[in-house]
**Q** 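After the structure tokens below, expect a handful of questions from me.
Every heavy atom of this structure was used, including side-chain atoms; hydrogens, water molecules and symmetry mates were not. Note that the numbering runs from 1 along the sequence shown for the chain.
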Amino acid sequence: NEARADGLAEFTIWNKADGRPSPAGTESDVHYPVLYAEPQAVHSNILGFDLRGDPVRSPAIKDAIKKADIIMNATPLGLKEKDPRVIPEDWIPDGRFGKKLFMDLIYNPAETPFLKGARRRGHRVLNGLGMLLYQGARAFEHWTGRAAPVAVMRQALLRALTEKKK
């Protein structure tokens with residue numbers, strides 16, 4: 001209901017096991033868009049699968065990307081320079097015809113290939129730094145019973161990431 005109040009009209013859950021859409025709950029007419037990739041037996045050394053070579057998933061995923069307002073990577077793909085792409089960059093629609101938000105839960109590197117591709121195509125991008133910060137803030141509040149010093153925590157986080165790069 002919160003998503004609908006925020007103006008998001010339609011969502012879909014993708015169950016990668018059979019490649020077809022699977023509703024989150026049949027009692028509700030609100031479904032959340034999730035593209036879930038997991039290790040395949042033939043690609044056990046990486047996370048994901050060959051999207052271009054999959055005749056069932058490819059058209060469905062391309063269509064979901066076109067329709068979505070938010071596209072999020074919640075996999076570790078992008079942590080390493082040689083990781084395969086989350087989605088092929090040419091599947092990202094041109095942002096001149098409607099900006100989307102591309103989110104990556106990865107915060108280091110600050111801009112993954114997934115986010116770089118979306119930015120090049122004219123979309124808004126957001127990395128996982130805010131999620132990391134506010135997870136820490138919530139944990140601080142839970143364990144201490146005090147308000148988290150978010151500004152101090154943000155500076156410490158940025159400093160730690162800067163030091164890690166050196």
**Q** Report the residues that fulfil side chain to side chain contact (heavy atoms under 4.5 Å, CB included) with Pro109, sequence neighbours left out, ordered by chain and then residue number.
**A**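 If we apply the side chain to side chain contact (heavy atoms under 4.5 Å, CB included) test to Pro109, skipping adjacent residues, the hits are Ile106, Thr112.
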**Q** Does anything in residues 130-166 form a ring-ring contact (aromatic ring centres under 6.0 Å, His included)? List the pairs, not counting sequence neighbours.
**A** none
**Q** Could you name each residue pair satisfying salt bridge (charged side-chain N to carboxylate O under 4.0 Å, His left out) that touches residues 138-150, not counting sequence neighbours?
**A**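 Every candidate salt bridge (charged side-chain N to carboxylate O under 4.0 Å, His left out) pair involving residues 138-150 fails, so no pair, neighbours aside, qualifies.
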**Q** If you look only at pairs with a residue in residues 100-119, which of them pass as a salt bridge (charged side-chain N to carboxylate O under 4.0 Å, His left out), with sequence neighbours excluded?
**A** Glu111-Arg119
**Q** Mind checking whether Ile65 and Ile92 have side chains closer than 4.5 Å, heavy atoms only?
**A** no
**Q** Please enumerate all residues that pass ring pair (Phe, Tyr, Trp, His ring centres under 6.0 Å) together with Phe102, with sequence neighbours excluded.
**A**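 In terms of ring pair (Phe, Tyr, Trp, His ring centres under 6.0 Å), with neighbours along the sequence ignored, Phe102 is linked to Phe114, His123.
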**Q** Identify the heavy atoms of Asn127 and Ala110 that sit nearest to each other, and give their distance.
**A** ND2-O, 2.9 Å
**Q** Could you list the residues that satisfy salt bridge (charged side-chain N to carboxylate O under 4.0 Å, His left out) with Arg154, not counting sequence neighbours?
**A** none
**Q** Can you list everything that forms a side chain to side chain contact (heavy atoms under 4.5 Å, CB included) with Leu132? Sequence neighbours excluded, please.
**A** Tyr107, Leu157
**Q** For Leu126, what residues pass the side chain to side chain contact (heavy atoms under 4.5 Å, CB included) criterion, not counting sequence neighbours?
**A** Leu101, Met103
**Q** Under the rule for salt bridge (charged side-chain N to carboxylate O under 4.0 Å, His left out), what residues qualify as partners of Arg96, not counting sequence neighbours?
**A** Asp94
**Q** Applying side chain to side chain contact (heavy atoms under 4.5 Å, CB included), name anything that partners Asn108, two or more places apart in sequence or on another chain.
**A** Leu161, Lys164, Lys165
**Q** Are Leu133 and Leu129 linked, directly or through other ILVMFWY residues, by side chains that come within less than 4.5 angstrom of each other?
**A**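 Yes: a chain of side-chain contacts under 4.5 Å links Leu133 to Leu129.
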**Q** Locate the shortest heavy-atom distance separating Gly78 from Asp83; write the atom from each residue and the value.
**A** N-OD2, 2.9 Å
**Q** Same cluster for Met153 and Met131 if Ile/Leu/Val/Met/Phe/Trp/Tyr side chains link at under 4.5 Å?
**A**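 Unlinked, Met153 and Met131 end up in two clusters.
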**Q** Checking Glu163 now: which residues fulfil salt bridge (charged side-chain N to carboxylate O under 4.0 Å, His left out) with it, not counting sequence neighbours?
**A** Lys166
**Q** Can you list everything that forms a side-chain hydrogen bond (donor to acceptor under 3.5 Å, both in side chains) with Arg124? Sequence neighbours excluded, please.
**A** none
**Q** Once rounded to the nearest 0.5 Å, what's the spacing between atom CG of Leu115 and atom CD1 of Ile71?
**A** 11.0 Å
**Q** Between Ala74 and Leu105, what is the shortest heavy-atom contact and its length?
**A**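 Taking every non-hydrogen atom into account, CB-CD1, 3.6 Å.
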